[in-house]
Amino acid sequence: MKNDRSRVRPFYSPGSLLIRQTASALLFGALVGWRKMPYWGLHSGIKSIPVSAGAIGMGCIGFPAHPAWEVTSACNLSCIHCHATGGKTSPDEMDTYQAKTFIEDLACAQEFRMLVYTGGEPTIRHDIFELLAHSKSVGFRNVIATNAMIIDDHMAMELKKTGVVGAAVSLDSARMETHNFVRNNRNAFDLAIRGIRAIKKAGILLQINVTAMSYNFDCLNELVDLSDELGASIMLMYQLVPVGRGLNIEDAGLDLTENERLIYFLKQKQRSSRTIIEPVAGPQYWPHLLETHGITYGWALGLAEKLFHGCSAGRGFVYIKPNGDVWPCPFVEVNCGNVREEKFIDIWKNSRPLIELRIRERLMKGKCGDCRYSSICGGCRGRAMALSNGDYLAEDPTCFIPVRPRRNN
């Protein structure tokens, strides 16, 4: 295997990326009236740049232009909402050699500068540090998505040494009993907090991942406060999408009215939070912010389209399964190809679902297809697919934004 350290471009190249990332945060802060933005910029903003390496703006799953790799389906928890149905190791997971080959192939995609390791629970894969070190050696900034159950001070320092610049820890509630219920483990909360403190001590940027659903909807305010207290720099506020184990609790998902309530809550809470909060599976946030300020057309909308990207499935974001299957998103369960059978770059450039999602403005149906916000929002493609007949180009039935017809309609 070749080990060409120059293939992954640094996060600061080209300089226009840094300008767009900064402009995205500034526009976002202005639209929500974020009073703590100077604090965030000083304490977290600069540190977050390597974590969002390659980002061209703000959107679903935090920022577009990055791959997330489910390195194993093995997990030490059995969460009731897990999209990956984590549990035992799959017999067809890529071995160490195949995984390293994939990392090198992935480095050929010029857009990518950061690699997310997820699962299952990535920290329990036997060769995780070897893989992290390898992706660091080819130039990737590593981010790990974890339940933090087994992360102690020693492991956190090892993660740091192998190029982990950010850790996204799943936390479902500030209330121990709620988090433990969702995670199906009576020790999950205490161990997650221990892991968070170890991550912070090691100097790794902390991100909190939350899945909003009926079980925790009424205590999200407390959770944002706890995230501030723990020193989180970023919070991703997911919504339950009925895939994987989520199918068993579909009724706990948010409907149109609850989606609107969540979006209003995020905007209000952001004003006083020290953590930057971004929605996942709720791209209506971006047009809602614009609507609040009467920005529905003209140059201001054009600026927003360059900085806010809504649903990123397949257009910047891509998800790789343990066996090498490539999906546009963990919630868009469409196989675009397998990296053990063909080069990732060929899948990335030529897969029909990925191509369609990149030009979705021309292909989406229903109100999503009719709306001028199709670029900065586009609806949640995962929820559209799950709640339709499996069509990832269908309209998002949980959208509460009034349809604003395209100017040329």
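For clarity, every value in this text was computed on a predicted model and none was experimentally measured. FYI, the numbering just counts along the sequence from 1.
Other residues, nucleotides and ligands contribute over 12 non-hydrogen atoms within 6.0 Å of the CZ atom of Arg271. The local environment of NZ in Lys267 is crowded, with over 12 non-hydrogen atoms from other residues, nucleotides or ligands closer than 6.0 Å. By the neighbour-count criterion of 12 heavy atoms within 6.0 Å, atom CD1 of Ile359 is densely surrounded, having more than that number from other residues, nucleotides or ligands.
Judged purely by distance below 3.5 Å, without hydrogens or angles, the side chains of Thr146 and Tyr117 never pair a donor atom with an acceptor atom. Between the side chains of Ser73 and Glu93, at least one donor-acceptor pair of N or O atoms lies under 3.5 Å. A donor-acceptor pair shorter than 3.5 Å can be found between the side chains of Asp127 and Thr96. At a cut-off of 3.5 Å, with distance as the only test, no side-chain donor of Asn142 or Lys136 sits close to an acceptor on the other residue. Using modelled atom types, one finds a donor on one side chain and an acceptor on the other under 3.5 Å when comparing Asn147 with Asn76. Of the N and O atoms on the side chains of Glu278 and Tyr285, not one donor lies less than 3.5 Å from an acceptor on the other residue.
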Which side-chain N or O atoms in residues 259-266 pair as donor and acceptor under 3.5 Å with protein atoms at least two apart or in another chain?
residue, atom, partner, partner atom, Å
Asn259, OD1, Gln239, NE2, 2.7
Asn259, ND2, Gln284, OE1, 3.3
Asn259, ND2, Thr398, O, 2.9

Under 3.5 Å, side-chain donor or acceptor atoms of residues 201-208 against the rest of the protein: list the pairs with distances, not counting sequence neighbours.
residue, atom, partner, partner atom, Å
Lys201, NZ, Asp153, OD2, 3.2
Gln207, NE2, Asn209, OD1, 2.8

- Could you please spell out the steps behind the salt bridge (Lys or Arg N to Asp or Glu O under 4.0 Å) verdict for Arg360 and Glu356? CA-CA 6 Å; Arg360 63 187 184 188; Glu356 288 183 340; over 6 Å; no

- Message: I'd like to know whether Asn185 forms a side chain to side chain contact (heavy atoms under 4.5 Å, CB included) with Met149, so could you lay out the CA-CA distance, the side-chain angles of the two residues, the decisive distance to 0.1 Å, and finally the verdict.
- Response: CA-CA 10 Å; Asn185 186 295; Met149 290 270 290; 3.9 Å; yes

- Task: Could you walk me through whether Asp325 and Asn338 pass side chain to side chain donor-acceptor pair (under 3.5 Å), step by step?
- Result: CA-CA 4 Å; Asp325 285 344; Asn338 188 285; 2.8 Å; yes

- Message: Evaluate Leu307 against Met58 for side chain to side chain contact (heavy atoms under 4.5 Å, CB included), listing each step before the verdict.
- Response: CA-CA 6 Å; Leu307 300 178; Met58 298 176 70; over 6 Å; no

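For the atom pair CE (Met157) and OG1 (Thr162), the distance works out to 10.5 Å, reported to the nearest 0.5 Å. Note: His179 NE2 to Leu226 CG = 10.5 Å, rounded to the nearest 0.5 Å. A distance of 8.0 Å separates CG of Leu220 from OG of Ser173, quoted to the nearest 0.5 Å. Leu240 CG to Arg245 CZ: the interatomic distance, rounded to the nearest 0.5 Å, is 13.0 Å. Rounding to the nearest 0.5 Å gives a distance of 9.0 Å between CE of Met176 and CD1 of Ile193. The OG1 atom of Thr178 sits 8.5 Å away from atom CD of Glu222, with the distance rounded to the nearest 0.5 Å.
Inter-residue side-chain proximity for Leu301 and Leu303 is flagged as unmet; no heavy-atom pair is nearer than 4.5 Å. With contacts defined as side-chain heavy-atom distances shorter than 4.5 Å, the pair His309/Ile56 qualifies. A heavy-atom distance below 4.5 Å is not found between the side chains of Tyr238 and His83. Here the side chains of Asn184 and Ile80 are in contact, with some heavy-atom distance below 4.5 Å. Two residues are said to be in side-chain contact when any heavy atoms from C-beta on lie closer than 4.5 Å; Arg141 and Leu115 fail this criterion. A 4.5 Å side-chain heavy-atom check between Cys399 and Cys368 finds every atom pair outside the cut-off.
Note on ring orientation: taking the six-membered ring where Trp is involved, the planes of Trp40 and Trp34 are tilted (angle from 30° to 60°).
Formation of a donor-acceptor pair under 3.5 Å by the Asn350 side chain with backbone atoms of Asp346 is found in this model. Between the Asn216 side chain and the Asp172 main chain, a donor and an acceptor come within less than 3.5 Å of each other. A donor-acceptor distance shorter than 3.5 angstrom exists from the side chain of Glu258 to the backbone of Asp255, with no hydrogens or angles considered. When atom types are taken as modelled, the side chain of His134 and the backbone of Glu130 share no donor-acceptor pair closer than 3.5 angstrom. With hydrogens and angles ignored, the 3.5 Å screen pairs a side-chain donor or acceptor of Arg372 with a backbone N or O of Thr296. Within the 3.5 Å criterion, the main-chain N or O of Gly378 finds a donor-acceptor partner in the side chain of Arg381. The backbone N or O of Gly379 lies less than 3.5 Å from no partner atom in the side chain of Asp396, so there is not a single donor-acceptor pair. Side-chain N or O atoms of Arg383 include one that pairs as donor or acceptor with a backbone N or O of Ala281 at under 3.5 Å. Under a 3.5 Å cut-off, the side chain of Ser374 and the backbone N or O of Asp370 do not form any donor-acceptor pair. Under the 3.5 Å distance criterion, the side-chain polar atoms of Ser13 are left unmatched by any main-chain donor or acceptor of Pro10.
Heavy atoms only, all atoms of each residue included: Phe344 and Ala109 are closest at CE2-CB, 4.1 Å. Closest approach of Ser52 to Gln21, counting heavy atoms only: OG-OE1, 3.5 Å. Closest approach of Pro242 to Ala386, counting heavy atoms only: CG-CB, 3.9 Å. In plain terms, the two heavy atoms of Ile295 and Ala300 that are nearest each other are CG2-CB, 3.6 Å. In terms of heavy-atom proximity, Pro353 sits nearest to Cys336 at CB-SG, 3.8 Å.
Figure legend: cation-pi geometry between Arg358 and Trp348, with NZ or CZ positioned under 6.0 Å from the six-membered ring centre and within 45° of its axis. Note that Arg113 lies outside the cation-pi zone of Phe11, set by a 6.0 Å cut-off to the ring centre and a 45° limit from the axis.
A centroid separation of less than 6.0 Å is found between the aromatic rings of Phe102 and Trp69. Residues Phe112 and His66 keep their aromatic ring centres 6.0 Å or farther apart.
For residues 143-165, no pair satisfies ring pair (Phe, Tyr, Trp, His ring centres under 6.0 Å), with sequence neighbours left out. Evaluation of the side chain to side chain donor-acceptor pair (under 3.5 Å) test over residues 226-235, restricted to residues two or more places apart or in two chains, returns Ser44-Ser233, Asp228-Ser273, Asp228-Thr275.
Take Lys47 and apply the side chain to side chain donor-acceptor pair (under 3.5 Å) test, not counting sequence neighbours, and it matches no residue. Annotation: side-chain contact (heavy atoms from CB on, under 4.5 Å) contacts of Gln110 (sequence neighbours excluded): Arg9.
Salt-bridge check for Asp152 with Arg194: failed, with every basic side-chain N at 4.0 Å or more from each acidic carboxylate O. Salt-bridge annotation for Arg315 and Glu361: present, with a side-chain N of the basic residue lying under 4.0 Å from a carboxylate O of the acidic one. Ion pair Lys365/Glu395 not flagged as a salt bridge, since none of the NZ, NE, NH1 or NH2 atoms sits closer than 4.0 Å to an Asp/Glu carboxylate oxygen. Lys269 and Asp225 are joined by a salt bridge, as a carboxylate oxygen and a charged side-chain nitrogen come within less than 4.0 angstrom of each other.
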